[in-house]
Structure formats: C-alpha cells, structure tokens
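First comes the structure, then the notes that go with it.
Chain letters run A, B, ... following the sequence lines, proteins first and then strands; every chain starts at 1. Note that these values count all heavy atoms, side chains included, but never hydrogens, waters or copies made by symmetry. Everything numeric here is computed off the predicted structure, so don't read it as measured data.
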Amino acid sequence: MSNENGMPKKNVLSAQIDLKKFDFATEEEKKQQDVMSESTTFFKDSMRRLRKNPLAMGSIVVLAVILLVIIFAPKIVPYGYSEIITVDGVRDKTAKNLAPFTYSKMEQQYMDKGGKVFPHIFGTDEQCRDYFIRVVYGTRVSLSVGLFASIIVLIIGVIYGSISGYAGGKVDLIMMRIVDIIYSLPDLLMVILLSVVLGETLGTAIKGTVFAKLGSNMLSLFIVFGLLYWVGMARLVRGQILTIKQNDYVLASKAIGTPAHRIIRTHILPNCLSVIIISVALQIPSAIFTESYLSFLGLGVQAPMPSLGSLANAARDGLTSYPYKLIFPAVTIVLIVLAFNLLGDGLRDALDPKLKK
Amino acid sequence: MSSNDKNECLVEVKDLKQYFPIKTGFGKTVPLKAVDGVSFSIKPGETLGLVGESGCGKTTVGRSLLQLYKPTGGEVYFKGEKVTDQNIKALRKEMQMVFQDPYSSLNPRMTVEDIIGEPLDVHKLYSTKAERREKILELMELVGLNAEHATRYAHEFSGGQRQRIGIARALAVNPSFIVCDEPVSALDVSIQAQVINMFEDLQEKLGVAYLFIAHDLLVVRHISDRIAVMYLGKIVEIADADELNENPMHPYTESLLSAIPMPDPNLAKTRKRIILEGDVPSPMNLPSGCAFRTRCRYATEQCAKECPSLTDRGNGHFVSCFNK
Ligand SMILES: Nc1ncnc2c1ncn2[C@@H]1O[C@H](COP(=O)(O)OP(=O)(O)O)[C@@H](O)[C@H]1O
Ligand code: SF4
Ligand SMILES: [Mg+2]
C-alpha cells in the first residue's frame with residue numbers, strides 16, 4: 001500500500017500532497033530563507049520615492065537656482081539695492097526707467113571712452129536704481145519672511161497641538177475652543193488691522209535697533225503670523241496625535257514609565273513628522289503670499305528695502321510704459337509659490353504613500 | 001485577610017472597578033462597566049490565567065492594574081504596599097506588560113535596539129553606551145532573537161519575532177510581575193506553542209509572576225497555576241488550574257471547558273458540548289441580578305433578583321453562582 005517515499009498510496013480524489021513532485025531545497029535556497037531583506041529606513045524609502053517624482057525634483061531645481069542667485073548675485077553685480085547709479089563717480093540722471101540690457105546716455109559715452117559698465121539685466125527703475133538687484137533683494141526678503149513665518153507657525157503649532165492632543169479630555173476641549181475662536185477671525189482683516197496698530201506702536205520701540213532696518217511693518221507681520229496662522233498647524237498636529245496615541249506602543253511606553261515629554265518626542269512626533277514637513281512646505285508659499293499682498297497694500301517692508309510685493313506695487317504706476325517692472329517680481333512670486341506647492345505635494349506623496357489617490 | 005497572607009502576595013487586587021463614561025448624546029454620559037469589582041492575588045513566581053470571551057474586560061483589568069487607566073474604584077497592592085500615583089513611577093520597574101497586538105505595540109520608526117533600550121534609558125539602568133548595548137544583546141538572546149538584527153526596524157520582523165521584542169522590552173527593567181495580555185492570540189497556531197514555552201522558560205529562569213490573559217482556556221490551562229474566569233467585568237470562578245479543569249462549577253466555565261477540542265476521540269464522544277445561546281449582553285446595559293442569567297441553563301427566579309458573589313467551595317475554589 002505504500003510507494004517508495006513511505007507514503008500511503010494516494011487516492012485519485014484525495015488532496016494529499018504527492019511528495020514526488022517536490023525537490024529538496026538547495027543550500028542556496030535555504031540561505032535565502034534566513035536572510036532578511038535589505039534594511040531600509042523610512043526616510044531612505046521616502047527619498048527614493050521623491051526622486052522618482054519629476055515635478056517635485058523640478059521644483060527643487062528651480063528653488064535651488066533661485067537660492068543660488070539670491071546668495072551670489074549681490075556679490076557679482078556691483079550695484080546696491082538702494083544705490084542710485086553713478087558713472088565714473090558722477091550721478092547718472094539719464095539712467096531712469098531703462099529697459100533690460102540697455103545703457104543710459106552717460107554710460108554709453110563712458111563705454112565709448114573704453115570704460116566698463118555692468119549691464120542692467122532687468123533695466124532700472126524710476127529712481128535710477130538697478131532693477132535686477134532690487135528684485136534679488138526683494139526675493140531675499142520675501143523668502144526669509146516665508147521661512148521665518150513658517151518657523152514661528154511650526155514651533156507654536158506643534159507645541160500647542162501636541163499638548164492638546166496628548167493631554168486629551170478637558171484640556172484638549174478648552175485648547176481647541178481657543179483655536180476655533182482664532183480660526184473664525186477674518187484673517188485678512190486681522191492681519192491688516194494688527195499691522196497698522198502694531199506698525200505704529202512698534203515703530204518707536206525699535207528705533208536704533210537692528211530691527212529698525214527691517215521696519216516695524218515686517219516685525220508686526222511676524223507677530224501676526226505668530227498670533228494667527230499657527231492654528232492650522234496646531235489642529236493638524238493634534239489630529240495626528242490623537243490617532244497615533246491609540247497605538248499600543250504609546251501605552252507600552254507609559255507602562256515603562258516614560259515621562260510624557262519623552263513619549264511625545266520619541267514616539268509621537270516622529271510618527272507625525274511627515275505631516276508636519278508637508279504642511280511647512282505648503283506654509284512657506286502662503287506666508288510669502290501674505291507678505292506680498294501686505295506689501296502691495298503698502299503694509300510690508302520699510303522703503304528702500306524692497307520685497308517682491310512692494311516692487312509689484314511700485315510697478316503699477318508705469319504699467320503701460322514699463323510692463324516688465326511688474327512681470328519680473330510677479331513671475332518670481334509665481335515661481336517660488338508654485339515650486340513650494342509642487343514640492344509639498346511631492347513630499348506628501350513620498351512620505352505618506354497611503355494618502356495618494 | 002491576615003497580614004501574613006498579605007506579605008506572601010506579590011500583587012493583590014481588591015474590588016477593582018473601571019467604568020468608562022460613554023457619551024449617548026445631548027451631554028448625557030452612561031458608565032460602561034468594563035470591570036466591576038474584581039479581586040484576586042498573585043504570589044511571586046506564580047501564573048494566574050485570566051479567561052473570558054473577548055469584550056469581557058480582561059485587557060481593562062490588566063491596564064487598570066498597571067494604572068495605565070485611572071481605576072474608578074478599588075485598590076492594587078504590590079508587595080503589601082498600596083499602588084498610588086506617587087509610587088507608581090518606581091513600581092513601573094516591577095510590573096510590566098506584554099501586549100496583544102505585536103504590530104501596533106512596536107513603534108515602526110524605531111530599531112529593535114532602541115525599543116528594548118527605551119526602558120533602560122528611562123530608568124538609567126546603565127552607565128556607559130557599551131553597557132547599554134551589552135544589556136540589549138543579552139535580552140535579545142534571552143528571548144531567542146538573533147543579536148545581528150539589533151539595528152533592524154520592527155516592521156522587518158514576523159509576528160512571533162515582534163512578540164519576542166515586546167517581551168524583551170518588558171524584561172529589560174527586570175520586573176517581578178508581567179501582565180501578558182493575550183500575547184499569543186495574534187500569532188499563527190504553530191508559533192503560539194513556541195512563545196508559550198518561552199514564557200514558561202523565562203518564568204523558570206527569572207522567577208517572574210504572570211497575569212496571563214487569554215480568550216480560550218486551552219492556552220491558559222497549560223501555563224497557569226490558577227485560573228480566573230471572567231464574564232462581563234466580573235470574576236465568576238477562580239480555582240487551581242487542575243481543580244478548575246476537573247471540577248468546573250460555574251455554568252459559564254462548564255461551557256468554556258466543553259468547547260475545548262479533546263485529543264482522545266473516545267473521550268470526546270462521551271462528552272457533551274454545551275453551546276451557549278444568545279449574545280453577550282452589552283456592558284452598558286447589564287441584566288439585573290446575575291449577569292450570566294440570559295444565557296444560563298440553570299437560571300432561576302433568584303438569579304434575576306440578586307447578584308451572586310464569589311463564595312469559597314473549599315480548596316481555594318471560589319464560585320459566584322446560586323445554583324451550583
Ligand atoms: N478606553 C475605553 N473607552 C471606552 N470603552 C472601553 C475602553 N476600553 C475598553 N472599553 C470597553 O470595555 C469593554 C471591555 O474591553 P476589554 O477590556 O478590551 O475586553 P477584552 O480584553 O476582554 O476583550 C468593552 O466593551 C470595550 O468596548
Ligand atoms: S447565579 Fe443563576 S444565572 Fe447566574 S450562573 Fe448561577 S444559575 Fe446561572
Ligand atoms: Mg483584550
């Protein structure tokens with residue numbers, strides 16, 4: 001009744017496994033069973049996904065180019081952002097509203113005599129200043145406003161949100177009602193009101209300090225961001241923490257006796273890091289946008305310091321004659337905002353593949 | 001209980017209650033009595049099995065005992081000392097927990113080394129980095145993990161291996177008592193036996209006591225010295241493991257035992273399987289009197305009127321039933 005394998009004879013209808021159909025595993029195959037797959041960290045994995053996203057990579061390139069330009073252009077271009085063009089030490093009154101890559105009469109004469117004049121890449125403005133360097137400085141200002149404002153939002157939002165989410169219960173309830181109240185304020189109106197009020201009071205307070213150069217408007221802008229815009233981040237972080245808190249590893253950590261701040265730092269925040277990174281990447285363009293429209297309304301940086309918004313505002317006057325003066329700052333804003341948004345989207349897909357539809 | 005008895009016990013739970021407030025809308029809350037007056041004690045190096053259907057409050061008993069939830073009522077004593085908010089921090093080194101779900105109980109962003117190292121870090125149980133590493137490798141070896149995998153992330157391991165990581169984490173502080181909350185029920189049957197054997201080996205080596213939770217008697221019967229049977233937030237029967245096996249008294253225990261498959265087909269034929277009728281009542285809306293009466297074959301009028309309490313039937317066998 002048994003075949004050479006020592007197995008009982010197989011019934012035709014039986015599902016019994018036929019040993020003859022199997023080979024012994026080779027040594028190599030056995031080894032494959034023990035060795036685990038290559039260890040990858042979550043971060044490496046995400047970066048690999050990000051590199052595959054052409055839009056996000058393109059955005060990184062665009063941002064890198066803009067960054068290089070605003071870092072190195074002031075070192076190469078021999079003009080200052082508030083400097084009125086002079087030729088051979090003499091003030092050049094003819095260098096007004098020049099078109100890109102053109103020279104004024106005085107410069108032309110100087111060049112004919114053999115002198116060298118650095119070209120006005122974007123032309124000049126109505127006060128005879130080099131427009132390219134003004135746009136470069138404007139971009140510097142706008143980008144740093146975006147970054148700083150986002151950092152303020154990040155710090156306040158993450159701390160507030162994680163306390164609220166982790167504490168839960170009544171604490172959470174009260175903290176979130178405060179958020180709701182701030183959320184329900186008409187933010188544009190509040191920004192303008194606060195800028196006006198703070199701008200006046202701060203103006204006297206900061207006289208003579210380093211902040212004076214930035215102008216009270218810029219400071220009040222940061223304060224406005226600090227006061228109003230963190231609520232979105234706080235809500236987001238709280239929501240994430242509420243879900244992460246459900247995981248047993250948080251309870252396990254409590255059972256170990258880990259103090260709350262350490263649990264938040266080592267278990268909870270790393271697990272909502274992706275959401276935070278994405279939201280910061282999307283916060284930067286929104287801050288730049290806010291700065292731009294405030295500057296456009298005349299509530300932005302102090303003249304002669306330019307920002308992209310105030311440059312666009314100044315360009316309105318001669319719009320029909322010199323449209324390029326609006327186009328340069330406007331295109332820069334669009335490029336920066338678009339690049340950050342696309343990068344934020346790319347990061348979301350890379351860090352949170354589950355979210356991708 | 002005399003003071004002598006008390007000192008003999010490692011962990012003593014007295015009338016533990018855990019009610020969860022459940023919102024029913026319109027600002028009203030109804031208490032969900034997840035655990036309602038549970039008492040038991042565990043001696044050093046002993047294993048108390050805790051069984052009951054899922055949802056009867058076993059996990060909640062374990063968590064309230066460890067003060068992971070603030071108990072609504074009752075007391076927990078460790079080595080005769082009452083556990084309070086003040087001394088719980090120090091007691092975390094003595095009482096640990098192993099979780100049911102090996103997936104959600106390990107942080108996916110941490111390496112095995114950091115998971116097992118966390119309790120060492122928190123309680124500052126080492127003086128140098130090298131000592132920390134040595135301790136971690138020792139623990140990994142103790143639970144049968146390959147030391148080469150210390151730098152791997154938890155998500156790279158199988159369920160059984162993950163559970164071993166969780167056990168190593170619990171053992172890191174060298175506790176004398178561990179709550180094992182259904183540590184094998186999420187694992188493949190083939191691995192369950194391995195892990196249970198490991199729990200037994202560890203107990204022999206380290207002398208640690210367990211509260212071993214499971215939803216079926218088969219798992220618990222093997223490892224426990226004594227077994228407590230829970231139904232809807234209350235312990236209905238508690239006895240030595242052998243005594244409970246041979247002489248189950250509570251109708252609920254009877255039905256649980258009858259559901260265990262028997263290896264001997266002849267014996268299995270003679271035994272009658274008791275199938276419980278009806279569903280488990282909602283813990284928010286418990287029946288009056290004995291909570292088991294809606295499914296009990298022996299229920300009488302008295303059962304609907306009065307609540308039975310645990311009474312001694314000799315030999316440390318306690319049962320909560322009027323008619324058995
Ligand atoms: N944190 C909580 N909040 C509200 N209800 C809970 C909570 N934890 C458990 N419960 C309820 O308590 C009861 C007992 O749950 P649990 O202790 O998890 O049972 P078991 O571990 O025996 O399956 C269940 O009805 C469950 O819904
Ligand atoms: S007290 Fe009554 S209802 Fe409860 S288990 Fe005993 S016989 Fe059944
Ligand atoms: Mg459970």
Side-chain angles (χ1 to χ4, degrees), chain A residues 31-48 166-173 177 240-277 350-354, chain B residues 21 59 62-63 65-70 88-112 114-123 146 148-158 161-162 165-166 169-170 172-173 175 178-179 181 186:
Chain A
K31 212 166 157 204
Q32 275 175 2
Q33 293 290 309
D34 318 327
V35 182
M36 297 171 91
S37 65
E38 190 55 42
S39 177
T40 66
T41 66
F42 174 79
F43 188 71
K44 272 194 223 157
D45 221 31
S46 317
M47 287 308 111
R48 191 177 48 79
Y166 189 77
K170 283 212 175 73
V171 178
D172 181 40
L173 194 78
R177 288 302 82 75
Q240 273 290 305
I241 286 180
L242 284 184
T243 15
I244 293 167
K245 218 170 67 168
Q246 307 284 324
N247 282 309
D248 281 347
Y249 58 79
V250 174
L251 208 62
S253 196
K254 272 187 201 165
I256 284 167
T258 312
H261 63 87
R262 195 189 148 112
I263 294 183
I264 293 183
R265 199 159 37 82
T266 61
H267 293 290
I268 295 184
L269 287 184
N271 281 294
C272 52
L273 200 62
S274 46
V275 175
I276 295 172
I277 291 176
L351 293 167
D352 252 328
K354 275 172 283 174
Chain B
T59 299
R63 293 184 178 178
L65 193 165
L66 295 181
Q67 313 287 311
L68 293 175
Y69 298 151
K70 182 132 195 58
I88 185 65
K89 179 109 216 285
L91 288 179
R92 296 254 179 253
K93 271 201 272 186
E94 297 286 347
M95 304 194 281
Q96 273 301 314
M97 182 151 190
V98 173
F99 290 81
Q100 174 172 7
D101 182 354
Y103 292 90
S104 94
S105 62
L106 303 179
N107 186 341
R109 301 281 159 89
M110 281 166 87
T111 60
V112 176
D114 286 335
I115 291 172
I116 302 176
E118 187 181 358
L120 300 176
D121 295 340
V122 168
H123 294 284
N146 188 341
E148 282 166 27
H149 294 160
T151 54
R152 299 249 171 196
Y153 286 82
H155 66 81
E156 298 174 56
F157 291 87
S158 67
Q161 285 172 314
R162 284 169 151 259
I165 299 171
R169 169 176 61 192
V173 290
I178 301 181
V179 174
D181 185 6

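The CG atom of B/N107 sits 7.5 Å away from the OG1 atom of A/T266 when rounded to the nearest 0.5 Å. How far CD of B/Q100 is from CG of A/D248: 8.0 Å, rounded to the nearest 0.5 Å. How far OG of B/S104 is from CG of A/L251: 9.0 Å, rounded to the nearest 0.5 Å.
The candidate from B/R169, B/Q96, B/M110, B/M97 with the greatest count of non-hydrogen atom pairs under 4.5 Å with chain A is B/Q96.
Between A/N271 and B/P108, the closest heavy-atom pair is OD1-CG, 4.0 Å. In plain terms, the two heavy atoms of B/V122 and A/P259 that are nearest each other are CG1-CD, 4.3 Å. Between B/S105 and A/A252 the shortest heavy-atom distance is O-CB, 4.4 Å.
One N or O on the side chain of B/R92 and one on the backbone of A/K254 form a donor-acceptor pair closer than 3.5 Å. Using a distance-only test at 3.5 Å, with no hydrogens or angles considered, a donor-acceptor pair links the side chain of B/H123 to the main chain of A/I256. Although no hydrogens or angles enter the test, the distance criterion places no donor-acceptor pair under 3.5 Å between the side chain of B/E118 and the main chain of A/S253.
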